[in-house]
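All heavy atoms count here, side chains included; hydrogens, waters and symmetry mates do not.
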Amino acid sequence: MLEEKHHFKAWLYLSPALALLLVFTFYPIFNAFYLAFLYNFDYMQRTAEGMTFTTEGINLFHNFRRTLQDDLFIRALINTLIIVFVSVPVSVIISLLLSVWLNSIKRFQGFFQTIFFLPYVTNAIAIGMAFAVIFHREYGLINMILTSVFGMEEGLNWLGRVSVDESTPAIRAWFQRYLNLPMLSLMVFITWSGLAFKIMVFLSGLQSIDKQYYDAARVDATPKSRVFRRITIPLLSPMIAYITITSFIGAFKEYTAIVGMFGIDLGPHGDANRLITIVGLVYKSLNEMDSVGAMSRAASAAIILFMMTLVLTLFNMYVSKKRVHY
Amino acid sequence: MSEILYDNEAKIRRKQMITKGILYSLLTAFAIFIVIPFYWMILTSLKDAEEVFSAPPSLWLRPSEWEIQNYWLIIRGEVPYGRFMLNTVVVSAISTVGTVLTTILAAFAFARLNFRGRDAFFMVLIATMMIPGEMFVITNFLTVSWFGWVAEQTYFDAILAMTLPFMTSIFYIFFLRQTFKTIPNELYYAAKVDGTSDFMYLWKIMVPIAKPTIITITILNAMGTWNAFIWPQLVTQFNESNRLVSNGLRGAAYVDEAGRVLYNEQMAAAFVVTLPLLIVFLLLKKYIMRGVSRSGIKG
């Protein structure tokens with residue numbers, strides 16, 4: 001009778017966590033969908049004119065449509081996708097290389113490990129502000145290197161306001177709008193802060209690979225690049241899959257880094273919202289709560305974000321099912 | 001014959017030396033890239049009013065040139081960092097104690113007790129981890145406003161609003177359950193035969209065994225509060241004296257009469273916020289790194 005069933009007792013142990021989860025996690029999920037389908041919800045008055053699907057002449061996806069038609073949403077979407085699809089592959093590859101190099105040395109391994117782990121324990125606001133100083137046009141380190149080492153006549157305006165010239169060809173205008181210098185500076189910071197976690201996970205994965213595989217490869221005099229492709233990568237693939245999925249999810253939610261580097265306006269001075277992301281848009285709507293429907297638009301933007309993360313995660317899982325060797 | 005062999009060996013050794021050299025230089029280059037923001041932060045924080053506005057910037061300062069006064073200006077300046085730090089420590093302590101307690105109890109139920117729907121419920125929790133926090137934030141903000149903790153906010157309201165929503169974590173429950181699961185069942189049976197209650201077994205046997213994991217959870221949670229920005233920014237918007245350090249740091253304007261940003265004071269403030277994290281990290285490195293690499297393997 002040692003393994004009896006403890007229904008009541010078990011729920012008693014779960015109750016503190018469960019109560020909190022019900023109020024602050026489960027209810028909000030349902031309520032986000034409820035808000036997204038409310039018609040003209042006025043937060044200040046706590047009133048709404050019914051649901052979008054019961055109001056005549058109103059589209060079911062009224063709030064989603066208003067979100068999608070917002071120019072700022074399009075900008076937020078493109079910025080988010082750029083951050084996701086550029087910074088994640090770059091930082092995964094760099095951290096993979098660094099951890100393989102780190103794993104192959106003996107002396108100073110612990111020292112390098114500690115240094116590479118530093119970004120994990122820092123305050124994103126404080127370090128973002130330091131990066132802003134490093135990229136400063138006149139007093140920054142980057143421009144100093146560009147002018148004194150690379151002989152450029154004057155430094156670049158990394159964090160300056162972006163002016164889009166409408167007369168330039170479409171492709172160049174697109175780059176001016178989205179893949180501009182402030183975005184590049186931001187991406188350096190995001191990559192910097194993302195390396196630590198990835199390196200730690202990869203390194204502990206590498207250290208758990210059985211040495212016999214490498215010994216066998218050495219006996220056969222297998223070239224290094226082949227060892228990397230045929231032994232290291234396959235045996236590390238569960239960690240690579242895990243890191244890729246979590247980094248994509250994290251990159252979709254980028255916001256604090258932008259506040260750290262550019263301030264609460266999410267853009268260079270005089271160019272607010274230049275680097276806005278979808279999460280930034282959600283918080284912006286939350287701060288405009290006196291305008292009718294703002295909460296519903298925030299909820300619909302959050303749901304769109306959730307759907308995008310979900311699709312990408314499922315796709316990632318599908319790919320890793322096929323490619324990951326356990 | 002032997003000469004050729006010797007030649008070959010020397011060649012191989014030289015090749016190995018070159019590879020090692022390249023390896024260490026690459027690692028050093030990246031290590032510098034990682035350290036630069038910290039260095040630049042400290043360097044800038046020690047520059048005087050003239051030095052900070054000189055272009056090109058100086059790369060190092062002699063100790064005699066250090067303007068320690070910047071730190072005094074921060075501590076005694078208009079932005080009440082002392083107060084913000086105290087707020088952060090209080091919020092951090094309360095939410096961490098709460099999180100650890102609810103996590104231990106829930107992880108015990110999942111790891112040790114048998115009850116109907118356990119695995120299904122656990123799967124639901126794991127699935128919830130995939131949902132972005134922004135889905136929760138909107139409603140949670142409405143909820144804490146409805147509780148009366150946002151408008152006309154007292155100190156007590158602010159503490160409640162900043163701690164209660166974070167007093168449990170699905171990830172930590174999952175993490176601790178994995179550790180609890182490694183404790184052999186025989187210990188439980190032996191305790192049962194001795195007439196030990198489940199509750200006593202949890203506190204006297206399981207918690208001490210899982211202590212390293214619980215320490216990791218404590219550190220990660222406390223650091224999370226130290227770095228929290230979004231939620232405190234939202235809920236303390238009507239009473240700025242209840243802000244946390246990150247909000248104070250980003251909200252303060254360090255400008256002189258000419259409207260120039262005083263980067264030396266700004267960086268001094270940033271370093272004041274960064275330093276406690278670095279100290280905690282260097283003292284408790286083992287536990288933090290352990291938690292991080294664990295989460296990857298088990299994930």
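- Of all the listed residues (B:A109, B:P56, B:A31), the one sharing the greatest number of non-hydrogen pairs under 4.5 Å with chain A is B:A31.
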**Asked** Can B:I288 and A:F117 be said to form a side-chain contact (heavy atoms from CB on, under 4.5 Å), step by step?
**Response** CA-CA 10 Å; B:I288 303 172; A:F117 196 63; 3.6 Å; yes
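- Counting all heavy atoms, side chain and backbone alike, A:A10 lies closest to B:L113 at CA-CD1, 3.6 Å.
- Between B:F141 and A:L286, the shortest heavy-atom contact is CD2-CD2, 4.4 Å.
- Closest of all the heavy-atom pairs between A:I115 and B:I34 is O-CG2, 3.3 Å.
- For the set A:I94, A:L102, A:V23, A:I105, the count of heavy-atom pairs under 4.5 angstrom toward chain B peaks at A:I105.
- Most heavy-atom pairs under 4.5 Å with chain A: of the set B:M267, B:Q266, B:M223, this distinction falls to B:M267.
- With a 4.5 angstrom heavy-atom cutoff, A:F189 does not touch chain B via any of its atoms.
- More than 12 non-hydrogen atoms from other residues, nucleotides or ligands lie less than 6.0 angstrom from CZ of A:F26.
- Applying the salt bridge (Lys or Arg N to Asp or Glu O under 4.0 Å) test to A:E288 and every residue at least two apart in sequence or in another chain returns A:K284.
- Looking at B:V52, the atoms closer than 4.5 Å to chain A (heavy atoms on both sides) all sit in the backbone: N, CA, C or O.
- For the options A:N287, A:V133, A:V282, heavy-atom pairs under 4.5 Å to chain B are most numerous at A:V133.
- Listed for the B:R116 side chain is no donor-acceptor partner under 3.5 Å among the backbone atoms of A:H7.
- In this structure, no portion of B:L101 lies under 4.5 Å from any heavy atom of chain A.
- With sequence neighbours excluded, the residues forming a ring-ring contact (aromatic ring centres under 6.0 Å, His included) with B:F147 are B:W149, listed by chain and number.
- Only the side chain of B:F108 comes within contact range of chain A, judged by heavy atoms closer than 4.5 Å.
- Nearest heavy atoms, A:P16 versus B:T102: CB-CG2, 3.8 Å.
- By number of non-hydrogen pairs under 4.5 angstrom with chain B, the leading residue of A:L98, A:T309, A:L203 is A:L98.
- One distance of note links OG1 of A:T25 with CZ of B:F136; it measures 5.0 Å at 0.5 Å rounding.
- Within 6.0 Å of atom CD in A:Q207, more than 12 heavy atoms from other residues, nucleotides or ligands are found, so the atom counts as buried in its surroundings.
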**Request:** Decide side-chain contact (heavy atoms from CB on, under 4.5 Å) for A:I264 and B:Q233; before the verdict, give the C-alpha distance in whole Å, the side-chain angles of both, and the deciding distance to 0.1 Å.
**Result:** CA-CA 10 Å; A:I264 211 91; B:Q233 183 84 11; 3.8 Å; yes
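- Residues of residues 249-258 of chain A lying under 4.5 angstrom from chain B, judged on non-hydrogen atoms, are A:K253, A:Y255, A:T256 by number.
- Listed options B:L164, B:T128, B:L278, B:I170 were ranked by heavy-atom pairs under 4.5 angstrom with chain A; first place goes to B:L164.
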**ring-ring contact (aromatic ring centres under 6.0 Å, His included) between B:F281 and A:Y120, worked out** = CA-CA 9 Å; B:F281 169 65; A:Y120 188 77; 8.9 Å; no
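- Nearest heavy-atom pair, A:T114 versus B:M289, reported as atom, atom and distance to 0.1 Å: CA-CE, 4.1 Å.
- Interface summary for chain B: among A:T246, A:N143, A:L195, A:L21, the most heavy-atom pairs under 4.5 angstrom belong to A:L21.
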**Message:** Between B:T44 and A:Y139, is the side-chain contact (heavy atoms from CB on, under 4.5 Å) condition met? List the steps.
**Reply:** CA-CA 10 Å; B:T44 311; A:Y139 320 121; over 6 Å; no
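- If you measure heavy-atom distances from A:M261 to chain B, the contacts under 4.5 Å come from the backbone alone.
- Annotation: side chain of B:F38 is in contact with side chain of A:I127 (closest heavy-atom distance under 4.5 Å).
- Neither the backbone nor the side chain of B:T99 comes within contact range of chain A; no heavy atoms are under 4.5 Å apart.
- In this structure, NZ in A:K9 is found 7.0 Å from OG in B:S197, a value given to the nearest 0.5 Å.
- To the nearest 0.5 Å, the span separating OG1 on B:T168 from CG on A:L18 amounts to 9.5 Å.
- Within the 4.5 angstrom heavy-atom criterion, no atom of A:F135 approaches chain B.
- In terms of heavy-atom pairs under 4.5 Å with chain A, the best-connected choice from B:P132, B:G133, B:A270 is B:P132.
- For B:D198, the parts sitting under 4.5 Å from any heavy atom of chain A are the backbone and the side chain alike.
- Contacts with chain A were tallied for B:V144, B:V35, B:L142; B:L142 has the most, counting heavy-atom pairs under 4.5 Å.
- A perpendicular orientation is assigned to the rings of B:Y263 and A:H136, their planes being inclined by more than 60° (bins at 30° and 60°).
- Looking at every heavy atom in both residues, A:A130 comes nearest to B:P37 through CB-O, 3.8 Å.
- Between chain A and the residues B:F166, B:F199, B:Y24, B:F271, the largest count of heavy-atom pairs under 4.5 Å involves B:Y24.
- With a 4.5 angstrom heavy-atom cutoff, A:Y34 does not touch chain B via any of its atoms.
- Heavy-atom distances place both the backbone and the side chain of B:L27 under 4.5 Å from chain A.
- Between B:I104 and A:Y13, the closest side-chain pair of non-hydrogen atoms is not below 4.5 Å.
- To the nearest 0.5 angstrom, B:L249 atom CG is 6.5 Å from A:N123 atom CG.
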Taking only distance into account, with no hydrogens and no angle test, what donor-acceptor pairs under 3.5 Å do side-chain atoms of residues 299-306 of chain A form with protein atoms, sequence neighbours excluded?
residue : atom : partner : partner atom : Å
A:S300  : OG   : A:T67   : OG1          : 2.7
A:S300  : OG   : A:S296  : O            : 3.3
A:S300  : OG   : A:R297  : O            : 2.8

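- A distance of 9.0 Å separates CE in A:M144 from OG in B:S58, rounded to the nearest 0.5 Å.
- Proximity to chain B (any heavy atom under 4.5 Å) is shown, for A:T122, by both the backbone and the side chain.
- Only the side chain of B:F110 comes within contact range of chain A, judged by heavy atoms closer than 4.5 Å.
- Around the CE atom of B:M129, the shell of radius 6.0 Å holds more than 12 heavy atoms that belong to other residues, nucleotides or ligands.
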**Request:** Give the intermediate values and the outcome of side-chain contact (heavy atoms from CB on, under 4.5 Å) for residues B:M41 and A:M129.
**Result:** CA-CA 9 Å; B:M41 185 192 277; A:M129 286 161 75; over 6 Å; no
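- Between the side chain of A:W192 and the backbone N or O of B:F33 there is at least one donor-acceptor pair closer than 3.5 Å.
- Ring orientation note: the planes of B:F121 and A:W11 are tilted relative to one another, at an angle of 30° to 60°.
- Ranking A:L35, A:L97, A:V188, A:L14 against chain B, the residue ahead of the rest is A:L14, based on heavy-atom pairs under 4.5 Å.
- Checked by atom type and distance alone, the side chain of A:N31 never pairs as donor or acceptor with a backbone atom of B:T139 at under 3.5 Å.
- Interface residue B:S246: backbone and side-chain heavy atoms are both found under 4.5 Å from chain A.
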